[in-house]
Amino acid sequence: MLSRDDILNADDLPYEDINVPEWGGDIRMRTMTGTERDAFETSIVTGDGKDRNMRNIRARLVVRCAVDENGARLFADKEAPVLGKKSAKVLDRLFGIAQRMNGLSATDVDELAGNSPETTSDELTSD
């Protein structure tokens with residue numbers, strides 16, 4: 001069995017170096033931590049939980065995953081609007097990579113956007 005230290009010391013934040021010819025080099029994308037993923041998802045739900053903020057979602061995910069060679073984030077969350085002014089084609093490509101790396105499927109994005117069908121409490125339980 002894994003110990004507490006085994007779990008806390010595991011290097012479980014893989015990264016990928018992605019060539020972005022439009023920007024003239026590589027960018028490193030890293031898997032988000034659980035806390036970062038929760039913050040990203042929380043940033044989508046607004047108000048009373050019924051409204052969704054999908055504005056600039058590609059840049060908002062990329063800023064949470066783009067890191068330097070030491071694993072430190074390149075961008076603060078508040079810089080997403082500036083990054084969002086970059087090429088839609090590049091941001092879409094990096095968004096897709098970040099989705100895959102973080103297990104954030106298109107269905108997950110639809111659910112966060114409020115585009116999924118209503119589920120009953122029975123559907124939310126497992127056998």
Side-chain angles (χ1 to χ4, degrees):
M1 295 293 283
L2 290 171
S3 71
R4 175 186 180 279
D5 287 340
D6 291 336
I7 294 166
L8 295 178
N9 292 320
D11 184 9
D12 64 350
L13 298 173
Y15 63 85
E16 293 181 25
D17 292 334
I18 312 300
N19 185 259
V20 183
E22 298 92 337
W23 293 349
D26 292 348
I27 184 171
R28 180 166 288 179
M29 301 291 287
R30 171 184 57 77
T31 301
M32 290 184 285
T33 66
T35 302
E36 289 168 336
R37 167 95 182 241
D38 289 344
F40 173 71
E41 291 179 353
T42 299
S43 77
I44 294 171
V45 180
T46 63
D48 62 1
K50 294 182 182 179
D51 294 324
R52 302 293 187 263
N53 177 12
M54 300 302 286
R55 189 173 304 126
N56 206 23
I57 192 169
R58 285 166 182 75
R60 287 175 30 216
L61 181 59
V62 172
V63 299
R64 293 173 191 272
C65 298
V67 297
D68 66 17
E69 58 277 349
N70 298 312
R73 286 180 51 181
L74 294 176
F75 303 99
D77 294 344
K78 66 183 179 183
E79 294 179 287
V82 175
L83 186 62
K85 293 179 181 177
K86 300 303 292 176
S87 165
K89 180 180 176 183
V90 173
L91 288 174
D92 194 51
R93 187 167 66 241
L94 295 175
F95 177 77
I97 291 166
Q99 277 185 291
R100 175 182 50 76
M101 291 180 70
N102 288 284
L104 187 62
S105 69
T107 301
D108 293 332
V109 173
D110 282 345
E111 286 176 9
L112 288 169
N115 296 333
S116 63
E118 293 293 321
T119 56
T120 65
S121 60
D122 291 341
E123 292 173 336
L124 297 176
T125 59
S126 60
D127 293 335

Quick one: does Ile44's side chain get under 4.5 Å of Met54's, heavy atoms only?
yes

Phe95 reachable from Val20 in the ILVMFWY side-chain graph, under 4.5 Å edges
no

I need the Ile18 CD1 to Ile97 CD1 distance, nearest 0.5 Å.
4.0 Å

Calculate, to the nearest 0.5 Å, the distance between atoms CG and CZ belonging to Leu74 and Arg64 respectively.
14.5 Å

Hey, any chance Ile27 and Val90 share a hydrophobic cluster, counting ILVMFWY side chains that come within less than 4.5 Å of each other, even indirectly?
yes

How long is the span from the CG atom in Leu94 to the CZ atom in Arg58, to the nearest 0.5 Å?
11.5 Å

Is the shortest heavy-atom distance from the side chain of Ile7 to the side chain of Arg4 under 4.5 Å?
no

More than 12 heavy atoms from other groups under 6.0 Å of CZ on Arg55
no

For the side chain of Asp68 and the backbone of Asn70, is there at least one donor-acceptor N/O pair under 3.5 Å apart?
yes

Asp17 to Arg28 - nearest heavy-atom pair and separation
OD1-NE, 2.6 Å

Ion pair Glu79/Arg73, N-O distance below 4.0 Å:
no

Per the side chain to side chain contact (heavy atoms under 4.5 Å, CB included) rule, which among Leu91, Leu104, Asn56 passes with Leu61?
Leu104

Asn9 (side chain) donor-acceptor with Asp5 (main chain) under 3.5 angstrom:
yes

State plainly whether one hydrophobic cluster holds both Met101 and Leu83, where clusters connect Ile, Leu, Val, Met, Phe, Trp and Tyr through side-chain heavy atoms under 4.5 angstrom apart.
yes

Only one of Asn102, Asp12, Val67 passes side chain to side chain contact (heavy atoms under 4.5 Å, CB included) with Thr31; say which it is.
Asn102

Taken to the nearest 0.5 Å, the spacing of Asn53 CG from Thr42 OG1 works out to 12.5 Å

Check whether the side chains of Thr35 and Asp38 place a donor and an acceptor atom closer than 3.5 Å, and report yes or no.
no

How long is the span from the OG atom in Ser43 to the CD1 atom in Ile57, to the nearest 0.5 Å?
7.0 Å

Within the structure provided, determine whether Glu36 and Phe40 are in side-chain contact (heavy-atom separation under 4.5 Å).
no

To the nearest 0.5 angstrom, please state how far the CZ atom of Arg93 sits from the CE atom of Met29.
11.0 Å

Residues Asp77 and Arg60 bridged, charged N to O under 4.0 Å:
no

Heavy-atom closest contact (Ala98 atom, Cys65 atom, distance):
CB-SG, 3.9 Å

